[in-house]
Amino acid sequence: MLLDAMMMEPRKGLMGRERERDQFPVGMRVLAVDDDRVCLKVLEGLLRRCQYHVTTTNQAITALKLLRENKDMFDLVISDVHMPDMDGFKLLELVGLEMDLPVIMLSVNGETKTVLKGITHGACDYLLKPVRIEELRNVWQHVVRRKFSNRETNNLDFSKEYSKHPTTDSYHGLSQVASGSSDQGGSRASKKRKEPHREEEDEDEGDDNDNDAQDNDEPSGSKKPRVVWSVELHRKFVAAVNHLGIDKAVPKRILELMNVEKLTRENVASHLQKYRLYLRRLSVVASQQASIAAVFGGRDPFLHMGAFEGLPSYQPFASSAGIPSFNPHGLLSGVGTAAFGLQDLAPSKAIQCASSNGAVSHCIGDTNKFHIANLQENQQANLAQGLTAPLGQPQLQQKWIHQETSDLSSFFSGSALANTMSGTLQRVTSSSLPPVELLECTQIKVGAHSSIRIPPASSGLLESTTKLDASFVAPEQDMDQKGKFPERVTVLPSESLIAADRSKCGTRSSGSTMLLLSDTERHSKYLKFGVASNSRHGIDEMVNGSFNYNGGASVPEQNDVYDFGNSKLHGGFNSSSCNFDGLLNSIIKVENDDVPFADNDLGCELFPLGACI
Amino acid sequence: MAAVALKNQLNAHIASMFAAGFLDKQFQELQMLQDDGSSPGFVSEVVGLFIDDAEKITGLIAGLLDQPVVDFDKVDALVHQLKGSSASVGAQRVKLSCEQFHSYYEAKNRDGCVMALALLRNEFYDSRSKFQTMFQLEQQIEACS
């Protein structure tokens, strides 16, 4: 019966829709998916109470089928996370990609990591069971929001109809901010430009505009032909965006690069906007969460952290880190709290690399007995943080940074920093930047033979202070006056962590991940050189050995992810120069084989990787 | 009238269930849904489903724990599901014992799980008998009017 009612909808036509729109959110069409029939029944009851049109199914596959049959049949999908026939996240991904409908996740599990996973997979919201009716009363906002933002992207001249709606202004602003510069920027800037813009547009746009003109009065005015953004298509899109650079990625160029038939500029533009919003969401979330590692293993449409899985050598790390069982301090959780054994490394000079995004921070203080607990915490936080790809947002990981700052500052200040580049490091320490981050390689001789090109300023610093053989990748930003390294280039932590672990640095040639954070604003200014902190053993050895990233140290970057042409640490250290345009992090992973470490003699030198903090 | 007396009895019974922690706020939400008049019998329908499902799930868990090699992931999935449904119904005690189960599962401790299952089952059976009393009273009230 319900389904019939649903089918009636399209036939109502404009009039019916208009009527309904007036009553919106009454009559909003919801598809509810939950394998548990009790929960489904309760959910249905609540939704009906909110006067929505509810369709229920206890199978994700059926849900997909329903959605695919008629994309316009539903306004919103609410889905459970744990389902036997298909993972809720997968469903979420598919719906987001194919149908572009808002999806709300439901679960009895409210763990941060799971919630974050939902968010990174594109969920509009994440509700905990048992759901309260008040929460459901509000879900219509997700539908409206999406429609407005879609419209925004796809209509170049929505001037008139948009000016009618007071709410659009806010969405307008949002999209404007979100999409940054693009061809459409001009049109957004001046909403009123109908004619002139028309001339510049492609033909397709004209069509869309016409369509939209008809749909002016409908909230669900998306009569535009829906493009199915398959994984493949999206991959091309991301590649194109990466190539252009996130800031410079304009739909026109993306379209050209993608070279896909029948794809219009609007399609790309709207997808781009979504993508940007998505990235923005990620960064916002990342900055709000102290421990974020949800991206871990998540099959996220935008993120492909696949590399993580592919590294057999990471196994030990993985198990210890308990990646699947991530918990807020997760990455290091398995490692055990006191495990760092840094204490043993007393004379050690390990490189502490922490990236704000979960860089692996090896706190390496030189002679100091670092407070392992502190380090640990920091590292944990770092690791957690690192996994997400912070988009170089200034506010990234503020929380943990502060936390770490407080923890570490004490020992850092007294630490080998004094020995090292005293000036710089201390300045760094005393700065507001979290000490943890860094590169506290007091006396590590990092013999990375492969050269990572470091921006001149920082390299200068390096040279003067360290006897670093290799140049470390350093962000390109200028060092600030304090002589700190420019931004941290964040490298996605996950791999790095792993790499670090397996590297057992020091003696092995295993790759240690270089976590470079690129954090443009606040914290920045220091280079974080991260090695997987996870390996306490690694640390030992790392400390003792020298880091000789010879030749083949390959630095595979995280492919699809944040590789917006920015930070690509290519192949071996030797080969690549890292460009850190600052926004996105990539993981640098040095392959095992490729990085032969010198023997255990670190010959530690003060290691002024700028950031050593 | 008998109906009034029965209603009082029913209300007292439900109140005692709340007091003893068998029910929580979620049950009130369900009652509210039913009381609007739009879905009569909603509560009994949902609770009925819950009882059946819980019975099935606890049986499955017992079966899994009996295996020579316990598949803890499956156990977890089942407990998780039961937790969700008990939470949705407002069966608080059952939900809480599911939560306790979790720690044993995490530790992959079979004996711990067996013990947790026993506790869970106890809570469930207690809850079930309370619910059944509730249904009986409702039916009697219905029969009267």
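Worth knowing before you read on, the calculation uses all heavy atoms, side chains too, and leaves out hydrogens, waters and symmetry mates. Just so we're on the same page: letters track the sequence lines, and every chain starts at 1.
Looking only at heavy-atom pairs under 4.5 Å with chain A, the residue among His80(B), Lys95(B), Met32(B), Gln34(B) that has the most is His80(B).
Note that the CG atom of Asp76(B) and the NE2 atom of His82(A) stand 7.5 Å from one another [nearest 0.5 Å]. The NZ atom of Lys129(A) sits 11.0 Å away from atom NZ of Lys83(B), with the distance rounded to the nearest 0.5 Å. For the atom pair Leu33(B) CG and Arg49(A) CZ, the distance stands at 7.0 Å (nearest 0.5 Å). Taking CG from Asp36(A) and CD1 from Ile57(B), the interatomic distance works out to 6.0 Å, rounded to the nearest 0.5 Å. Annotation: the span from Asp34(A) atom CG to Gln81(B) atom CD amounts to 8.0 Å, rounded to 0.5 Å.
When heavy atoms are compared at a cutoff of 4.5 Å, Leu46(A) approaches chain B by way of both its backbone and its side chain. At a 4.5 Å heavy-atom cutoff, the contact between Phe42(B) and chain A is made by side-chain atoms alone. Of the atoms belonging to Asn109(A), heavy atoms from both backbone and side chain fall under 4.5 Å from chain B.
For Val38(A) against Leu49(B), the heavy-atom pair with the smallest separation is CG2-C, 3.7 Å. The two residues Ser88(B) and Pro130(A) make their nearest non-hydrogen contact at CA-CB, 4.0 Å.
Under the 4.5 Å side-chain criterion, counting only non-hydrogen atoms from C-beta, Glu29(B) is in contact with Glu134(A).
Around NZ of Lys108(B), the count of heavy atoms belonging to other residues, nucleotides or ligands within 6.0 Å exceeds 12. Heavy-atom neighbours of Gln132(B) CD from other residues, nucleotides or ligands within 6.0 Å: above the threshold of 12.
Between Lys41(A) and Glu45(B) there is a salt bridge, since a side-chain N of the basic residue sits under 4.0 Å from a carboxylate O of the acidic one.
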